[in-house]
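Each remark here refers to the structure printed beneath this line.
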Amino acid sequence: MGPGSMVTFHRGEKTGPVIATADCCQEKQGSSKIEMVEPPTTVILDHLPRRMLVLPPKTTFTFDGKKYYWKGYTDIFEEKADKLVGQYLPASNDGADPGTGHLVVAEDDNKQLSDLVVISAVVMQQRSDARKRAVFDITIYSNILRDLLVRV
């Protein structure tokens, strides 16, 4: 999946109504665009890579006049109030897929904000998976080249 990969979000099952689409940026740094259906709203997720070894990656977006940020891949905060809005808890059992877990969203009357928290978590997971696949593909490709060069 490269830049310009579209993901469609449905309420409930796959046959449920579409609530949003996302154009996922797969680059290390960049922006993903989320188009909410009802009411029509565009939200831009800005992705900043890890800085130095100690600072986690950061994804930010502005919605309804407030700025939110994902600190790493687990906690999302409202910036001004530094209020925890949601938290991703990876599955802790042995052999669990690293992309599985629970996303806990703070109770809020704003359903669209809750949807954005979930959608932004999925977009970040898509970006992470795409980068892991790219590294895997490059590793396999370089191993094939190495094997060919050894034979020559």
Side-chain angles (χ1 to χ4, degrees), residues 1-140:
M1 191 164 26
S5 299
M6 291 296 291
V7 179
T8 302
F9 295 89
H10 299 263
R11 173 116 21 242
E13 297 182 28
K14 191 175 182 177
T15 57
V18 172
I19 61 169
T21 58
D23 185 2
C24 302
C25 170
Q26 302 304 337
E27 304 300 318
K28 192 171 189 175
Q29 182 171 346
S31 299
S32 297
K33 184 163 87 171
I34 298 171
E35 296 284 346
M36 303 296 288
V37 173
E38 197 57 45
T41 307
T42 300
V43 177
I44 303 296
L45 298 179
D46 290 315
H47 310 287
L48 300 172
R50 179 181 301 273
R51 292 175 304 188
M52 298 183 270
L53 293 175
V54 294
L55 297 174
K58 189 175 182 180
T59 295
T60 64
F61 64 91
T62 301
F63 173 72
D64 212 16
K66 296 178 183 175
K67 191 166 186 174
Y68 298 88
Y69 68 94
W70 278 95
K71 186 175 182 181
Y73 298 102
T74 56
D75 301 316
I76 184 168
F77 294 90
E78 180 185 330
E79 191 171 79
K80 276 236 192 258
D82 211 25
K83 173 183 153 190
L84 184 66
V85 176
Q87 188 170 45
Y88 174 71
L89 308 166
S92 58
N93 53 336
D94 290 336
D97 179 348
T100 61
H102 300 282
L103 180 61
V104 180
V105 179
E107 260 188 65
D108 194 319
D109 293 336
N110 191 333
K111 182 68 175 157
Q112 199 171 24
L113 175 60
S114 298
D115 289 345
L116 274 170
V117 169
V118 173
I119 291 168
S120 64
V122 171
V123 168
M124 290 186 345
Q125 184 67 44
Q126 289 284 331
R127 285 172 43 79
S128 174
D129 289 350
R131 285 196 307 281
K132 288 176 189 170
R133 281 192 305 275
V135 169
F136 180 73
D137 290 344
I138 289 170
T139 303
I140 287 176

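Side chains included, hydrogens not; waters and symmetry mates left out as well; all remaining heavy atoms used.
How far OG1 of T21 is from CE of M6: 4.0 Å, rounded to the nearest 0.5 Å. In this structure, OH on Y88 lies 12.5 Å from CG on D75, to the nearest 0.5 angstrom. Atom OG of residue S114 and atom CG of residue L103 lie 10.0 Å apart, to the nearest 0.5 angstrom.
Considering only heavy atoms from C-beta on, W70 comes within 4.5 Å of M124 through its side chain. V123 places a side-chain heavy atom less than 4.5 Å from the side chain of L45. Within the 4.5 Å cutoff, no side-chain heavy atoms of D64 are placed close to those of L113. Looking only at side-chain heavy atoms (C-beta outward), T62 and V43 stay at 4.5 Å or farther from each other. Contact of the Q87 side chain with the I76 side chain is not registered, since no non-hydrogen atoms from C-beta on lie closer than 4.5 Å.
Remark: T74 pairs with no residue by the side-chain hydrogen bond (donor to acceptor under 3.5 Å, both in side chains) rule, at least two apart or across chains. Under the rule for a ring pair (Phe, Tyr, Trp, His ring centres under 6.0 Å), the partners of F77 that lie at least two apart in sequence or sit in another chain are Y69. T42 pairs by the side-chain hydrogen bond (donor to acceptor under 3.5 Å, both in side chains) definition with E35, not counting sequence neighbours. Not a single salt bridge (charged side-chain N to carboxylate O under 4.0 Å, His left out) links K71 to another residue, sequence neighbours left out. In this view, D46 and S31 satisfy the side-chain hydrogen bond (donor to acceptor under 3.5 Å, both in side chains) rule, not counting sequence neighbours. Applying the side-chain contact (heavy atoms from CB on, under 4.5 Å) test to A20 and every residue at least two apart in sequence or in another chain returns F9, I34, M36, I119. Evaluation of the side-chain hydrogen bond (donor to acceptor under 3.5 Å, both in side chains) rule for T60 yields no partner, not counting sequence neighbours. Annotation: side-chain contact (heavy atoms from CB on, under 4.5 Å) contacts of V37 (sequence neighbours excluded): V18. Scanning for ring pair (Phe, Tyr, Trp, His ring centres under 6.0 Å) contacts around F63 gives an empty result, with sequence neighbours left out.
Legend: salt bridge (Lys or Arg N to Asp or Glu O under 4.0 Å) pairs involving residues 5-16, not counting sequence neighbours, sorted by first then second residue: R11-D115.
Across C24 and Q126, no two heavy atoms sit closer than the pair SG-CB, 4.5 Å. Minimum heavy-atom separation, Q112 to P39: NE2-O, 3.3 Å.
A donor and an acceptor atom, one from each side chain of H47 and S32, are located under 3.5 Å apart.
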For a side-chain contact (heavy atoms from CB on, under 4.5 Å) check, start with the C-alpha distance between L48 and Q29, then their side-chain angles and the critical distance, and finish with the verdict. CA-CA 5 Å; L48 300 172; Q29 182 171 346; 3.8 Å; yes

Chi angles and distances behind the side-chain contact (heavy atoms from CB on, under 4.5 Å) call for Y68, V85: CA-CA 9 Å; Y68 298 88; V85 176; 4.0 Å; yes

